[in-house]
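Counting from 1, the numbers follow the sequence of the chain as shown. For clarity, every value in this text was computed on a predicted model and none was experimentally measured.
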Amino acid sequence: MLIKSLLLVDDDEDDHELFKLALLEYEYPVAFEGTGDVVQALKRLDDSTITPDLIFLDINMPALNGFEFLRQLKGKKHLKDIPVIMYSTSDSQFDKHKAIEAGAAAYLHKPSTLRELGRLLRHVLNALQGDTMGGTIF
């Protein structure tokens, strides 16, 4: 699976900036979009205003949590095949298993440094190029 675009759905603006920096540092040719408004993100995905190849999704957000977002996304025929990686500060085994059961391709714990995030993104993007992520918990 070739990843040309990715969407980060996370209400933390600092995470958006780190993501941008890590992608630049990694020099991966991918279009990046980030949003903290989960309701708006779901609407834009539903009406095809945005069509990412991959979604990174935080769990704890206002209005609609990541699990509910994932449930709604996977319930839509035209969106259900977009791989979603849950991306959270939570290290709870319960959250990890809940994410995979809900249809997430993987669950990743947010790294604490730019360097770690760059390595994580390199690993994820390379794994998806080989399509080897399905149901993996990191």
Note, [X] side chain near [Y] side chain (heavy atom, < 4.5 Å):
X	Y	result
Glu33	Arg44	yes
Asp95	Met86	no
Phe56	Asp10	no
His78	Leu45	no
Leu8	Thr35	no
Ile85	Ile55	no
Asn60	Phe67	no

[atom1]-[atom2] distance between [X] and [Y], expressed to the nearest 0.5 angstrom:
X	Y	atom1	atom2	value
Asp15	Glu13	CG	CD	9.5 Å
Leu57	Leu108	CG	CG	11.5 Å
Leu79	Ile82	CG	CD1	5.0 Å
Gln40	Ile50	CD	CD1	8.5 Å
Leu42	Lys76	CG	NZ	5.5 Å
Leu18	Glu116	CG	CD	11.0 Å

query: For Lys80 and Leu73, what are the C-alpha separation, side-chain angles and deciding distance, and is it a side-chain contact (heavy atoms from CB on, under 4.5 Å)?
result: CA-CA 6 Å; Lys80 68 181 176 73; Leu73 185 84; over 6 Å; no

Practice prompt. Check side-chain contact (heavy atoms from CB on, under 4.5 Å) between Arg115 and all other residues, then give those that pass, not counting sequence neighbours.
Written response: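 Arg115: side-chain contact (heavy atoms from CB on, under 4.5 Å) contacts with Thr113, Arg119.
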
Self-check item: Set of residues satisfying side-chain contact (heavy atoms from CB on, under 4.5 Å) with respect to Ser5, sequence neighbours excluded
Solution: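 Ala31, Pro52, Asp53.
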
(message) Per the salt bridge (charged side-chain N to carboxylate O under 4.0 Å, His left out) rule, what does the pair list look like for residues 58-74, sequence neighbours excluded?
(response)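 Those involving residues 58-74 are Asp58-Lys110, Glu68-Arg71.
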
Are the charged groups of Lys20 and Glu25 less than 4.0 angstrom apart, N to O?
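Salt bridge absent between Lys20 and Glu25.
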
_Quick one: does any side-chain atom of Asn65 pair with a main-chain N or O of Met61 as donor and acceptor, under 3.5 Å?_
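No; judged by distance alone, with no hydrogens or angles, the pair does not exist.
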
Query raised in the report: Under 3.5 Å, is there a donor-acceptor pair linking the side chains of Asp47 and Thr49?
Result: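 The answer is yes; a qualifying pair exists.
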
- [ ] Report yes if the distance between the aromatic ring centroids of Phe19 and Tyr87 is under 6.0 Å, otherwise no.
- [x]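 For Phe19 and Tyr87, the ring centres are under 6.0 Å apart.
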
Please give me the minimum heavy-atom distance between [X] and [Y], naming the atom from each residue.
X	Y	value
His109	Thr89	NE2-O, 2.9 Å
Val38	Pro62	CG2-O, 3.7 Å
Pro83	Ala105	CB-CB, 4.2 Å
Ala99	Leu70	O-CD2, 3.8 Å

Ser92/Tyr107 under side-chain contact (heavy atoms from CB on, under 4.5 Å): CA gap, chis, key distance, verdict = CA-CA 11 Å; Ser92 159; Tyr107 185 101; 5.8 Å; no

For this session: Decide side-chain contact (heavy atoms from CB on, under 4.5 Å) for Leu23 and Leu121; before the verdict, give the C-alpha distance in whole Å, the side-chain angles of both, and the deciding distance to 0.1 Å.
Result: CA-CA 8 Å; Leu23 287 169; Leu121 289 173; 4.0 Å; yes

_Among Leu24, Leu6, Leu7, the one residue meeting side chain to side chain contact (heavy atoms under 4.5 Å, CB included) with Phe32_ =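 The single option meeting the side chain to side chain contact (heavy atoms under 4.5 Å, CB included) with Phe32 is Leu6.
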
